[in-house]
Visitor: 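The structure that follows is given in the form of structure tokens.
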Amino acid sequence: ASYYVPWSDAPADGTLSSPRSARALRLAVAFDRTSAGVGDVVACRVEAERVGHRGYGMLLAEIGLPPGADVDRASLERAMKSSGWDFSHYDLLPDRLVVYLWARAGGTKFDFTFRPRFGLRAKSAPSQIYDYYNPEARADLAPTSFVFAEKGAQTAAPR
């Protein structure tokens with residue numbers, strides 16, 4: 001079965017079902033800023049957790065990126081190496097970062113950075129986390145709005 005839940009009615013913390021459920025997943029994605037100039041560094045903090053579970057089985061976290069984001073692969077490599085075995089692999093797609101996680105109890109946290117290539121006002125793709133072996137166990141986050149200004153460009157005052 002499938003159904004639609006408006007973003008305004010979805011849980012803000014990305015928690016699926018009750019935290020007491022063994023299938024509950026939680027995802028938190030926070031950008032240090034959503035307004036920046038072209039070429040400025042934007043940092044992203046990700047926290048993924050299998051709530052109320054001892055922590056086994058692969059999770060896939062898809063982190064929505066704004067259009068034209070140039071992700072710093074060195075920051076991803078550092079995050080992967082510093083996580084031990086939690087963050088095992090990643091795939092970089094045009095609108096999202098897919099991270100393969102072996103989440104342990106207490107969750108997995110990592111940071112990465114990107115730079116906007118274009119001036120724009122747009123939303124990222126939605127972010128989500130799901131169990132590799134049970135894709136119905138998932139949590140979704142609403143898209144994030146971004147405003148990136150061209151260097152030296154002045155914003156017109158609203159009339």
Side-chain angles (χ1 to χ4, degrees), residues 2-17 23-51 53 55-104 107-150:
S2 63
Y3 59 92
Y4 169 77
V5 176
W7 289 120
S8 58
D9 295 342
D13 65 353
T15 304
L16 172 75
S17 68
R23 291 180 19 180
L25 302 176
R26 187 181 70 80
L27 178 66
V29 176
F31 299 96
D32 69 338
R33 55 191 169 157
T34 56
S35 296
V38 172
D40 291 346
V41 175
V42 178
C44 179
R45 173 86 172 153
V46 178
E47 297 180 18
E49 182 177 12
R50 187 186 303 269
V51 181
H53 201 275
Y56 62 88
M58 183 179 285
L59 297 175
L60 271 73
E62 296 185 4
I63 313 307
L65 299 172
D70 187 16
V71 177
D72 179 16
R73 290 179 184 263
S75 69
L76 287 172
E77 292 294 327
R78 279 191 303 276
M80 196 165 57
K81 287 179 182 161
S82 67
S83 76
W85 53 269
D86 291 7
F87 180 165
S88 65
H89 183 71
Y90 67 88
D91 290 322
L92 193 52
L93 304 176
D95 65 340
R96 70 191 72 227
L97 168 67
V98 180
V99 180
Y100 298 78
L101 301 169
W102 292 95
R104 64 174 80 183
T108 300
K109 299 175 176 90
F110 64 93
D111 301 299
F112 68 94
T113 60
F114 67 87
R115 294 175 188 265
R117 287 184 287 188
F118 313 110
L120 56 81
R121 180 183 306 266
K123 288 187 177 184
S124 68
S127 297
Q128 60 185 331
I129 187 168
Y130 52 94
D131 189 315
Y132 182 80
Y133 297 106
N134 182 16
E136 290 82 31
R138 65 185 310 119
D140 298 297
L141 293 175
T144 303
S145 295
F146 288 92
V147 177
F148 300 130
E150 293 286 342

Visitor: Can you find a heavy atom in the side chain of Phe148 that is under 4.5 Å from one in the side chain of Asp40?
Guide: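 Phe148 vs Asp40: side chains apart.
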Visitor: Evaluate the side-chain proximity of Leu97 to Leu92: yes if any heavy-atom separation is below 4.5 Å, no if none is.
Guide: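 Answer yes - side chains close enough.
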Visitor: Less than 4.5 Å apart, any side-chain heavy atom of Met58 and any of Trp102?
Guide: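 Yes - at least one pair of side-chain heavy atoms lies under 4.5 Å apart.
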Visitor: Taking the six-membered ring for Trp, are Phe31 and Phe114 parallel (under 30°), tilted (30 to 60°) or perpendicular (over 60°)?
Guide: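 Geometry flag for Phe114 against Phe31: perpendicular rings.
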Visitor: Looking only at heavy atoms, which two atoms of Pro126 and Arg96 are closest? And how far apart?
Guide: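 Heavy-atom minimum between the residues: O-NH1, 4.0 Å.
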Visitor: Are the side chains of Ser124 and Phe146 in touch, meaning some heavy atoms are under 4.5 Å apart?
Guide: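 Yes. Closest side-chain heavy atoms under 4.5 Å.
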Visitor: To the closest 0.5 Å, what do you measure between CG (Leu76) and CG (Asp91)?
Guide: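 Leu76 CG to Asp91 CG: 11.0 Å, rounded to 0.5 Å.
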Visitor: Check the angle between the aromatic planes of Phe87 and Phe110 and answer parallel, tilted or perpendicular using the 30° and 60° thresholds.
Guide: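 It falls in the tilted class, 30° to 60°.
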Visitor: Give, for atom CZ of Arg45 and atom CD1 of Ile63, the distance between the pair rounded to the nearest 0.5 Å.
Guide: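 Between Arg45 CZ and Ile63 CD1, I get 12.0 Å after rounding to 0.5 Å.
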Visitor: So does Gly68 get a backbone contact from the side chain of Arg117, meaning a donor-acceptor N/O pair under 3.5 Å?
Guide: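 Yes; at least one donor-acceptor contact below 3.5 Å.
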Visitor: Where is the tightest heavy-atom contact between Ser82 and Ala79, given as atom of each residue plus distance?
Guide: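 Nearest heavy atoms, Ser82 then Ala79: OG-O, 3.3 Å.
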Visitor: Does Thr108 use its side chain to pair, donor to acceptor, with the backbone of Asp86 at less than 3.5 Å?
Guide: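 No; judged by distance alone, with no hydrogens or angles, the pair does not exist.
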Visitor: Are any of the side-chain heavy atoms of Asp32 and Val42 separated by less than 4.5 Å?
Guide: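 Yes, at least one pair of side-chain atoms sits under 4.5 Å.
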Visitor: For the residue pair Leu101 and Leu60, establish whether any side-chain heavy-atom pair is separated by less than 4.5 Å.
Guide: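 They are not in side-chain contact.
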Visitor: If I take atom CG from residue Asp72 and atom CD from residue Glu77, how far apart are they, to the nearest 0.5 angstrom?
Guide: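 CD of Glu77 is found 10.0 Å from CG of Asp72.
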Visitor: Looking at every non-hydrogen atom in both residues, tell me the closest pair between Arg26 and Val51 and how far apart they are.
Guide: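 For Arg26 and Val51, the tightest heavy-atom pair comes out as CB-CG2, 3.7 Å.
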Visitor: Can you see which heavy atom on Val147 is nearest to which on Arg121, and at what distance?
Guide: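 Here Val147 and Arg121 meet closest at CG2-NH1, 3.6 Å.
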Visitor: Can you find a pair of side-chain heavy atoms, one from Val99 and one from Val46, that are under 4.5 Å apart?
Guide: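 No - every pair of side-chain heavy atoms lies 4.5 Å or more apart.
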Visitor: Check Pro67 against Lys123 and note the closest heavy-atom contact, atom names and distance.
Guide: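 Residues Pro67 and Lys123, closest heavy atoms: CD-O, 3.7 Å.
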Visitor: Is Ser127 reaching over with its side chain to a backbone N or O of Gly64, donor-acceptor style, under 3.5 angstrom?
Guide: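 Pair found, side chain donor or acceptor close to backbone of Gly64.
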Visitor: For the side chain of Glu47 and the backbone of Ala28, is there at least one donor-acceptor N/O pair under 3.5 Å apart?
Guide: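 Between the backbone of Ala28 and the side chain of Glu47 there is no qualifying donor-acceptor contact (under 3.5 Å).
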Visitor: Quick check against the 3.5 Å criterion: does Arg50 have a side-chain atom that pairs as donor or acceptor with the backbone of Gly57?
Guide: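 Checked: pair present.
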Visitor: Would you call Cys44 and Val29 a side-chain contact if the rule is heavy atoms closer than 4.5 Å?
Guide: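 Of all side-chain heavy-atom pairs linking Val29 with Cys44, at least one is under 4.5 Å.
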